[in-house]
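Each remark here refers to the structure printed beneath this line.
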Amino acid sequence: MKASDKIDDACARLLAWYDGHARTLPWRVPPGSGEVPDPYRVWLSEVMLQQTTVAAVKDYFAKFTAIWPTVHDLAAADDADVLSAWAGLGYYARARNLIACAREVAGRGGVFPDSEEGLRELPGVGAYTSAAIAAIAFGRRAVVVDANVERVIARLFTITDPLPGSKEVIRAAADSITPDERAGDFAQAMMDLGATICTSRDPKCLLCPLSDMCTARKAGIAAQLPHKTPKKARPLRTGTAFWIESDGHVLLVKRDGKGMLAGMRALPDDGWSAKTSGDGTPPLFADWTEVEGMVGHGFTHFLLELSVQRCELTGREAEGEWWPIDRIGEAGMPTLFAKAAKLVLGT
DNA sequence: GACACGTGGGG
DNA sequence: TCCCCAAGTGT
C-alpha cells in the first residue's frame with residue numbers, strides 16, 4: 001500500500017466515522033444535511049471555543065445569538081453589554097476583539113472574508129480560527145490545527161518531540177492528510193475524534209476508526225503523546241477586594257483597559273497582580289470590617305487568595321457605579337469578583 | 001519563542 | 001486536593 005493510499009484511507013474513514021458520530025452542537029450543521037452554515041455563527045462559536053470547553057460555551061452561544069442574531073446586531077451593541085454577557089467565560093481580550101471584529105465585518109456590509117488569508121486579518125482571528133472558519137463556513141481546504149488535532153496527529157504519526165516546539169512538524173503532517181473536499185467536515189471530524197475518542201487521558205483506541213493505522217498505538221505509547229514541555233509553577237499572590245455598601249447598593253468600578261480582566265466591571269481592589277500581591281490599601285477612608293473567609297482563584301499563570309473588606313457609607317459620593325445589591329448577579333463581573341460577592345452575601 | 005491571559009470540569 | 005486540560009491570540 002502506497003503512503004498516499006493510506007492517507008486517502010485515513011481521510012475516508014474519518015469522514016465516514018463523522019457521518020455516523022458527529023456531535024450535535026448548536027453552531028453545527030449536521031453532515032450531509034445540505035444546510036449552509038452561517039459564517040457569523042461559525043465565527044462566534046470558534047472565538048468562544050478558544051481554550052474553552054464545549055460545555056462551557058453552549059449557554060453563552062445561546063445567549064449571544066438570542067440577543068445579537070446577526071453580526072450587524074453585535075456590531076451595534078454597547079461594549080459594556082457585550083462584556084457583561086461574556087462575563088464568566090474568561091479570556092476577556094476575546095470579547096474585546098469580538099466587538100472590534102464584528103464592527104469591521106459590519107463595515108464590509110456584514111460579509112465575512114471567505115478566505116483563510118482574509119479572515120486572518122480580523123481581530124481575534126488567528127491561525128487556527130481563520131482556518132476553521134474558511135473550512136467550516138466556506139468549504140475551503142485549510143489545515144485546521146487545534147489541541148485536538150495536535151493530539152490525534154502526534155499519535156497517528158508518533159511525533160515524540162514536545163509541544164509547542166513540534167507544532168510545525170504536526171501541522172505539516174496534518175496538511176498531508178487534509179482533503180480538498182469536505183474540508184469543514186474533515187476538520188470537525190478530527191476535533192470530534194480528539195474530544196471523544198483520542199482523548200488526552202485514557203484514549204478509547206478500541207473505538208477509533210484509525211486505530212489500525214495509528215503508529216503510536218502500535219508502539220504502545222499513544223496515551224503518552226503528545227509530549228509537552230513542563231509548565232512553570234504558578235506563584236501564589238494575595239490581594240484584597242473592597243465591598244463598599246450604601247443604601248442597598250455596592251460600589252463597582254470599571255477595570256483598566258489593559259491587563260487582567262481588562263475593561264470588566266469589578267469590585268475595587270488593592271492592586272494585586274500576577275507580579276505582586278496587593279498592598280491592602282483601601283480606596284477610601286472608612287470603618288472597614290474583614291469579611292470572614294477567603295476567595296481562592298486560579299488564573300493561568302498565578303493563584304490568588306483574595307480577602308474581602310467591607311464598609312457602610314451614608315452617602316454615595318465615591319467614584320464608580322452604584323449597583324443594586326439584589327441584582328449583583330446581573331453586574332457582569334468576572335468569576336473572581338462574583339465569588340467575592342458571594343462570600344460577602346453568604347450565598 | 002516566551003509570556004500574558006480565565007474558567008470549570010475531570011481524574 | 002491538586003493538577004491538567006480545553007476549538008488560541010496578541011505582544
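These values consider heavy atoms only, across backbone and side chains, with no hydrogens, waters or symmetry-generated copies. Each chain gets a letter, A, B and so on, in the order its sequence line appears, and its residues count up from 1.
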Is the A:Phe299 to A:Phe302 ring centre distance short of 6.0 Å?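 So the answer is yes for these two rings.
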When rounded to the nearest Å, what value does the distance between P atoms of B:dG8 and C:dT9 take?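 Each nucleotide's P atom is 22 Å from the other's.
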From [atom1] of [X] over to [atom2] of [N], roughly how many Å is that when rounded to an integer?
{"X": "A:Leu25", "N": "C:dA6", "atom1": "CG", "atom2": "P", "answer": "17 Å"}
{"X": "A:Lys232", "N": "B:dG1", "atom1": "NZ", "atom2": "P", "answer": "16 Å"}
{"X": "A:Met48", "N": "B:dG8", "atom1": "CE", "atom2": "P", "answer": "15 Å"}
{"X": "A:Asp192", "N": "C:dA6", "atom1": "CG", "atom2": "P", "answer": "15 Å"}
{"X": "A:His297", "N": "B:dC5", "atom1": "NE2", "atom2": "P", "answer": "13 Å"}
{"X": "A:Lys231", "N": "B:dC5", "atom1": "NZ", "atom2": "P", "answer": "17 Å"}

Quick one: is [N] close enough that its OP1 or OP2 comes under 4.0 Å of any side-chain N or O from [X]?
{"X": "A:Arg151", "N": "C:dA6", "answer": "yes"}
{"X": "A:Lys275", "N": "B:dC5", "answer": "no"}
{"X": "A:Gln51", "N": "C:dG8", "answer": "yes"}
{"X": "A:Thr335", "N": "B:dT7", "answer": "yes"}
{"X": "A:Thr52", "N": "C:dG8", "answer": "no"}

What does A:Arg23 touch in the nucleic acid at a heavy-atom separation under 4.0 angstrom: a base, only the sugar-phosphate, or nothing?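 Base: the residue A:Arg23, judged by heavy atoms under 4.0 Å, touches a nucleobase.
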Going by atom types only, do A:Gln50 and A:Arg94 share a side-chain donor-acceptor pair under 3.5 Å?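 Side-chain D/A pair, A:Gln50 to A:Arg94: absent.
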Just verifying a value: how many Å separate A:Leu225 CG and A:Leu163 CG, rounded to the nearest 0.5 Å?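 The distance works out to 10.0 Å.
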Starting from the 5' end of DNA chain C, give me the residue, A:Val54 or A:Arg120, whose nearest nucleotide shows up first.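 Looking at DNA chain C, the more 5' nearest nucleotide goes with A:Val54.
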Answer yes or no: is there a side-chain heavy-atom contact under 4.5 Å between A:Val143 and A:Arg171?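 In short, these two side chains touch, coming nearer than 4.5 Å.
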